Amino acid sequence: MPELPEVEVVRAGLERHVVGRTVERVEVLHPRPVRRDPGGPEGFAAALSGRVIEGARRRGKYLWLPLDGGDALLGHLGMSGQMLVQPRDAAPERHLRVRMVLDGPRELRFVDQRMFGGLSMSPGGAELPPEIAHIARDPIDPAFDDAEFVARLRRRTSGVKRLLLDQGLVSGVGNIYADESLWRSRLHGERPGDGLTRAQAWELLGHVRAVMGEALAQGGTSFDALYVNVNGQSGYFDRSLDAYGQEGRPCRRCGTPIRRVAFMNRSSFFCGVCQPVPRRRRVRPATAAVPD
DNA sequence: CACCTCTCCTGCAGGC
DNA sequence: TGCCTGCAGGAGAGGT
């Protein structure tokens with residue numbers, strides 16, 4: 001379950017270990033991870049073979065490798081995806097889905113148990129794949145526009161947790177970091193965006209950024225190995241979480257047991273005292289039409 | 001557009 | 001022991 005810090009660690013590893021290499025041959029072992037490729041498994045393999053990898057970039061939880069000729073290899077790790085740089089003769093992993101044999105002794109492997117993730121060729125996508133042009137920048141990105149985010153958040157009527165998970169508004173925030181940021185901000189996730197004060201929205205952004213930064217600082221130290229790995233063990237499971245997964249445990253601020261509720265086919269964890277459930281939005285009285 | 005729900009996929013935990 | 005159900009969850013598809 002890589003969140004943004006883990007994806008950034010993978011990006012950095014790819015930058016170090018595969019940039020400058022040529023993809024000599026591609027083997028697609030399961031069609032699902034390349035389902036988004038317009039050419040299907042065969043087209044994907046053919047289009048990628050022979051290309052030189054010129055970089056390793058990221059937008060939110062998407063990764064892409066710009067290739068010679070202006071195209072890109074676009075990837076998403078989904079829930080359980082890994083990018084591994086392995087010796088060619090290393091034993092295949094249980095959930096190995098795509099092998100990309102590089103010049104030199106190694107190959108890039110896409111391993112994914114649940115196959116929510118995937119790879120695809122993005123024609124003309126070297127600078128920014130058009131498939132992900134709608135994904136917002138993340139709060140760690142130096143070009144992230146804080147004031148714009150706050151303004152947009154405060155115009156939306158959805159609950160603020162739903163908004164944090166909207167990758168078009170801000171990227172890189174998953175269920176875990178959303179719950180942690182809201183706990184730190186003492187905000188309930190159902191509070192509508194347009195019900196937040198300016199100060200609350202700014203504080204929330206600060207906490208989102210802090211949670212990500214802490215995880216990034218932790219995860220970034222343990223991936224200096226030859227192969228790049230994301231297995232869910234890194235980063236946030238070592239951190240002590242204040243809300244996510246803490247059902248029944250006392251809130252670290254007030255001691256009240258953390259609650260868990262169903263939300264968007266998953267769960268939300270929060271402190272019912274520090275993060276009170278919002279009252280139902282006041283029904284605005286109909287404004288009388290004023291004749292000109 | 002904004003908003004919301006459904007869906008994809010596998011492995012594991014828990015109940016009986 | 002083994003079957004069944006529920007759960008984890010990013011983000012696209014599609015409805016209103």
Side-chain angles (χ1 to χ4, degrees), chain A residues 1-8 10-11 28-38 58-64 74-83 93-98 110-120 122 129-139 148-149 151-182 189-196 208 212 215 230-237 241 243-248 259-269 278 281:
Chain A
M1 293 160 273
E3 298 218 26
L4 179 138
E6 288 79 13
V7 179
E8 172 55 24
V10 171
R11 188 208 62 75
V28 178
L29 299 155
H30 195 297
R32 181 162 173 84
V34 299
R35 65 194 177 282
R36 306 229 170 261
D37 193 284
R58 182 181 63 75
R59 170 69 67 96
K61 296 176 188 170
Y62 280 95
L63 294 164
W64 75 97
L74 179 62
H76 196 292
L77 300 177
M79 292 288 299
S80 51
Q82 297 171 268
M83 294 285 237
E93 291 75 12
R94 179 139 133 87
H95 301 291
L96 178 60
R97 308 302 188 190
V98 181
F110 182 71
V111 177
D112 191 2
Q113 175 205 112
R114 285 183 245 186
M115 297 189 289
F116 271 44
L119 301 176
S120 62
S122 174
E131 297 88 339
I132 59 168
H134 64 287
I135 303 286
R137 293 181 186 274
D138 64 74
E148 174 67 13
F149 167 79
R152 290 181 64 194
L153 184 79
R154 296 185 64 242
R155 285 197 295 265
R156 302 277 294 269
T157 58
S158 296
V160 64
K161 176 164 180 180
R162 195 182 284 275
L163 295 173
L164 287 178
L165 297 176
D166 179 350
Q167 305 290 300
L169 184 63
V170 54
S171 69
V173 183
N175 201 39
I176 298 173
Y177 294 171
D179 280 359
E180 291 300 299
S181 305
L182 289 166
E190 303 285 354
R191 293 275 298 268
D194 65 359
L196 298 191
V208 170
M212 277 185 182
V230 164
N231 54 20
Q233 314 305 322
S234 68
Y236 56 80
F237 279 130
L241 297 171
Y244 181 84
Q246 306 301 304
E247 182 181 21
R259 291 177 55 192
R260 166 191 181 141
V261 298
F263 172 78
M264 287 173 81
N265 283 334
R266 44 192 68 99
S267 296
S268 282
F269 299 87
R281 178 182 287 262

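Below, read A as the first sequence line, B as the second, and so on, with proteins coming before strands; counting in each chain starts at 1. Note that the structure is predicted; figures quoted are calculated from it, not measured.
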Sequence neighbours excluded, the answer for ring-ring contact (aromatic ring centres under 6.0 Å, His included) partners of A:F263 is none
Sequence neighbours excluded, which residues qualify as ring-ring contact (aromatic ring centres under 6.0 Å, His included) partners of A:F110? none
So which heavy atom on A:Y177 is nearest to which on A:A215, and how close? OH-CB, 3.2 Å
Mind checking A:G117 for me? I need base, sugar-phosphate or nothing, with any heavy atom below 4.0 Å counting as a touch. nothing
The criterion is side chain to side chain contact (heavy atoms under 4.5 Å, CB included); which residues satisfy it with A:R36, sequence neighbours excluded? A:S120
Global bending angle along the helix from B:dA2-C:dT16 to B:dC16-C:dG2, which compares the axes of five pairs at either end, to 10 degrees: 40°
How long is the line joining NZ of A:K61 and P of C:dG12, in whole Å? 12 Å
By side chain to side chain donor-acceptor pair (under 3.5 Å), which residues pair with A:S122, not counting sequence neighbours? A:E131
Atom-pair distance (CE on A:M79; C1' on C:dC7), nearest Å: 10 Å
Can you see if the side chain of A:S267 gets near the phosphate of C:dC7 - specifically, an N or O under 4.0 Å from OP1 or OP2? no
For A:K161, what residues pass the salt bridge (Lys or Arg N to Asp or Glu O under 4.0 Å) criterion, not counting sequence neighbours? A:D179
Taking atom C1' of B:dC4 as reference, at what distance in whole Å does atom CG of A:L165 sit? 13 Å
Letter per nucleotide, 5' to 3', of nucleotides 6-11 of chain B [B base touched, S only sugar-phosphate touched, - untouched; heavy atoms, 4.0 Å]: -BBBBS
Show the nearest heavy-atom pair for residues A:Q113 and A:R97, with the distance to one decimal. O-NH2, 3.1 Å
Set of salt bridge (Lys or Arg N to Asp or Glu O under 4.0 Å) partners for A:E247, sequence neighbours left out: A:R260
Give A:R260 one of three labels, base, sugar-phosphate or nothing, depending on what nucleic acid heavy atoms sit under 4.0 Å from its own. sugar-phosphate
Between A:S80 and A:D112, is any side-chain donor less than 3.5 angstrom from a side-chain acceptor? yes
By side chain to side chain donor-acceptor pair (under 3.5 Å) - contacts of A:Q246 (at least two apart): A:R249
Tell me every residue that passes side chain to side chain donor-acceptor pair (under 3.5 Å) with A:D37, counting only those two or more places apart in sequence or in another chain. none
Tell me every residue that passes salt bridge (Lys or Arg N to Asp or Glu O under 4.0 Å) with A:R137, counting only those two or more places apart in sequence or in another chain. A:D141
Given atom CG of A:N175 and atom P of C:dA8, what is their separation to the nearest angstrom? 8 Å
Does A:Y177 have a side-chain nitrogen or oxygen under 4.0 Å from the phosphate oxygens OP1 or OP2 of C:dG10? no
Nearest-angstrom distance from the residue atom CG of A:D166 to C1' of C:dG10: 12 Å
What is the distance from CG of A:L4 to P of C:dG10, rounded to the nearest Å? 12 Å
Is the distance from OP1 or OP2 of B:dC4 to the nearest side-chain N or O of A:R162 less than 4.0 Å? yes
Separation of A:L63 atom CG from C:dG10 atom P, in whole Å? 15 Å
Does A:F263 reach a base, just sugar-phosphate, or nothing at all? Heavy atoms under 4.0 Å. nothing
Value in whole Å for how far the P atom of B:dC3 lies from CD of A:E190: 14 Å
With 3.5 Å as the limit, what N/O pairs link the protein to nucleotides 13-16 of chain C?
none

